[in-house]
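These notes concern the structure reproduced below.
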2 protein chains.
Amino acid sequence: EDTGYDCSRLTARLPFLNEADKLKLVSRASKLGDGSRHENSAEHSWHIMLYAWVLAEHSPSTVSTDRVLQMLLLHDLVEIDAGDAPIHGVTDPAALAALAVREEEAADRLFGMLPSDQGAPMRAVWEEFEAAETADAVYAKSIDRVQPVLLNLLNGGGSWLDYNVSLPQLDTRVGGKVNRGAPEVWTYVRAQIEPWFRKAGRL
Amino acid sequence: EDTGYDCSRLTARLPFLNEADKLKLVSRASKLGDGSRHENSAEHSWHIMLYAWVLAEHSPSTVSTDRVLQMLLLHDLVEIDAGDAPIHGVTDPAALAALAVREEEAADRLFGMLPSDQGAPMRAVWEEFEAAETADAVYAKSIDRVQPVLLNLLNGGGSWLDYNVSLPQLDTRVGGKVNRGAPEVWTYVRAQIEPWFRKAGRL
Ligand SMILES: [Ca+2]
């Protein structure tokens with residue numbers, strides 16, 4: 001019988017959505033605000049989407065919030081295969097290059113599960129985020145970077161303690177990217193975190 | 001000095017974003033696909049945003065995916081104060097009415113943390129979702145309801161076992177809402193879950 005729906009497109013889509021569930025099992029370096037446990041990449045993605053929406057007026061370039069939300073919704077999916085690389089943990093260029101290869105393979109596999117007329121544009125959104133060239137991607141990257149800073153401040157140090165991070169290291173690894181996409185936010189947040197690094201003797 | 005940014009708007013926004021972090025601590029009735037633990041409301045929100053985007057063409061009404069994503073991003077925030085009410089656990093009308101009051105109070109508090117020209121339109125998005133009248137809200141609700149069904153199927157029964165759910169109960173509590181916003185999806189998913197209920201003697 002003709003049920004009036006295209007069975008094959010749902011047959012491709014539901015396994016993709018089931019596979020995406022695994023992002024909830026990818027643990028990040030940052031801990032929740034209350035320090036009770038590490039954050040996972042799915043809930044992190046949700047949180048930074050809220051950040052991106054709430055902070056959008058602090059982007060110096062005009063951005064499409066809708067497109068930024070799409071980027072952030074997808075941006076960590078490849079971690080299902082490639083894992084999360086802590087920003088203060090993986091800094092070696094060779095390791096980062098190997099990771100980029102694993103992430104491309106993950107994108108092939110995951111976006112390849114969808115009907116191609118859907119998977120290809122979604123993959124393009126992810127590639128745009130990774131390239132960090134468009135205004136939307138630059139802003140999205142700044143939001144992805146600033147959220148763990150706020151979590152660390154909330155929980156008393158978090159990954160700064162675990163990875164023995166100094167303020168100059170944070171400026172290099174995080175500040176530059178946040179400053180590029182959301183300079184007002186970085187100015188504000190940096191003033192809030194400076195006392196922590198001062199007190200910890202990590203200036 | 002004039003730093004060129006409006007300090008007071010960030011001063012309101014960052015505490016809101018810190019508060020939102022607590023949604024990661026709200027546990028839901030459903031378990032992850034691998035059954036290893038219960039899902040929390042933040043990662044659930046992320047997952048259903050991906051659902052909504054991927055399945056959008058199965059909405060019989062034309063929907064704005066961007067607006068649906070906004071709804072789903074915000075839809076569970078009130079659970080930070082009001083908690084999650086399991087759909088198969090809280091069915092008493094008086095309890096549901098009391099919950100609705102707690103959720104309104106939560107919306108007052110949480111959206112009230114933002115600058116009012118931002119908090120008010122966000123709250124309106126949440127109210128639109130709750131009212132389930134517009135095409136966007138009807139579709140968003142259908143997605144919110146169908147995702148736990150897929151998780152239960154993946155992990156071998158999940159909350160259907162915990163709450164002793166029959167297929168007629170599922171049809172009433174879940175199927176009607178999914179069918180309203182995404183009938184093709186419900187037809188497809190119901191055919192997939194029927195064997196589980198048959199085997200479990202829960203038809
Ligand atoms: Ca809910």
Side-chain angles (χ1 to χ4, degrees), chain A residues 3-7 9-11 13-14 16-25 32-34 36-37 39-51 53-55 57-58 64-67 69-70 72-74 76-77 114 118 122 147 150-151 153-154 183-185 187-189 191-192, chain B residues 3-7 9-11 13-14 16-25 32-34 36-37 39-51 53-55 57-58 64-67 69-70 72-74 76-77 114 118 122 147 150-151 153-154 183-185 187-189 191-192:
Chain A
T3 55
Y5 63 94
D6 180 351
C7 175
R9 290 174 74 82
L10 277 168
T11 303
R13 284 166 172 157
L14 294 179
F16 169 82
L17 294 168
N18 285 342
E19 192 68 16
D21 185 64
K22 296 178 182 166
L23 194 61
K24 301 166 190 168
L25 296 167
L32 301 194
D34 71 354
S36 59
R37 63 167 172 81
E39 190 187 34
N40 72 62
S41 293
E43 64 196 2
H44 160 75
S45 298
W46 168 79
H47 201 184
I48 63 175
M49 292 173 81
L50 194 61
Y51 264 74
W53 188 5
V54 166
L55 299 178
E57 86 178 26
H58 302 288
S64 160
T65 308
D66 295 329
R67 182 127 181 119
L69 293 190
Q70 290 178 353
L72 296 177
L73 180 51
L74 299 180
D76 272 345
L77 267 182
L114 287 167
Q118 181 162 48
M122 283 192 169
Q147 178 254 14
L150 274 296
L151 287 186
L153 192 62
L154 265 182
E184 291 174 3
V185 175
T187 301
Y188 190 88
V189 169
Q192 291 209 317
Chain B
T3 55
Y5 63 94
D6 181 350
C7 175
R9 290 176 74 81
L10 277 169
T11 303
R13 284 167 173 157
L14 294 178
F16 170 82
L17 293 168
N18 285 342
E19 191 69 16
D21 186 64
K22 296 178 183 167
L23 194 61
K24 301 166 191 168
L25 296 166
L32 302 194
D34 72 354
S36 58
R37 62 168 173 81
E39 191 186 33
N40 71 62
S41 292
E43 64 196 1
H44 160 75
S45 297
W46 168 80
H47 201 184
I48 63 175
M49 292 173 80
L50 193 61
Y51 264 74
W53 188 5
V54 166
L55 299 178
E57 85 177 26
H58 301 288
S64 160
T65 308
D66 296 329
R67 183 126 180 119
L69 293 190
Q70 291 178 351
L72 296 177
L73 180 52
L74 299 179
D76 272 345
L77 268 182
L114 287 167
Q118 182 163 48
M122 283 191 169
Q147 179 253 13
L150 273 296
L151 287 186
L153 192 63
L154 266 182
E184 292 174 2
V185 176
T187 302
Y188 191 88
V189 168
Q192 291 207 318

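No hydrogens, no waters, no symmetry mates; every other heavy atom, side chains included, goes into these values. Just so we're on the same page: letters track the sequence lines, and every chain starts at 1.
- Looking at A:Leu151, the atoms closer than 4.5 Å to chain B (heavy atoms on both sides) all sit in the side chain, from C-beta outward.
- Applying the side chain to side chain contact (heavy atoms under 4.5 Å, CB included) criterion to A:Leu25, with sequence neighbours excluded, gives B:Leu32, B:Asp34, B:Ser36.
- The nearest pair of heavy atoms linking B:Ala20 to A:Leu50 is CB-CD2, 3.5 Å.
- Residue A:Arg37 touches chain B through its side chain alone, counting heavy-atom pairs closer than 4.5 Å.
- The contact between A:Val185 and chain B is made by backbone and side chain atoms together, counting heavy-atom distances below 4.5 Å.
- When heavy atoms are compared at a cutoff of 4.5 Å, B:Leu154 approaches chain A solely by way of its side chain, counted from C-beta outward.
- With a 4.5 angstrom heavy-atom cutoff, A:Glu39 touches chain B only via side-chain atoms.
- Each of B:Gln192, B:Gln70, B:Gln147, B:Met49 has some count of heavy-atom pairs under 4.5 Å with chain A, and the biggest count is that of B:Gln70.
- The residue among A:Asp66, A:Val54, A:Val189 with the most heavy atom pairs within less than 4.5 Å of chain B is A:Val54.
- In the model, B:His44 has no side-chain atom that pairs as donor or acceptor with a side-chain atom of A:Lys24 under 3.5 Å.
- Across every non-hydrogen atom of B:Trp46 and A:Ser45, the tightest pair is CD1-CB, 3.5 Å.
- Between chain B and the residues A:Glu43, A:Met122, A:Lys22, the largest count of heavy-atom pairs under 4.5 Å involves A:Glu43.
- A:Glu184 has no carboxylate O lying under 4.0 Å from a charged side-chain N of B:Arg9, or vice versa, which leaves the two without a salt bridge.
- For the pair A:Leu72/A:Trp53, no side-chain contact is recorded, criterion being any heavy-atom separation below 4.5 Å from C-beta on.
- Contacts of A:Leu17 with chain B are made by both backbone and side-chain atoms, with heavy-atom separations under 4.5 Å.
- Pairing each heavy atom of B:Leu150 with each of B:Tyr51, the nearest pair is CB-OH, 3.2 Å.
- Contact count versus chain B (heavy atoms, under 4.5 Å) is highest, among A:Leu114, A:Leu69, A:Leu55, for A:Leu55.
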From CA spacing to verdict: side-chain contact (heavy atoms from CB on, under 4.5 Å), A:Arg13, B:His58: CA-CA 11 Å; A:Arg13 284 166 172 157; B:His58 301 288; 2.7 Å; yes
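- Neither the backbone nor the side chain of B:Leu153 comes within less than 4.5 Å of any heavy atom in chain A.
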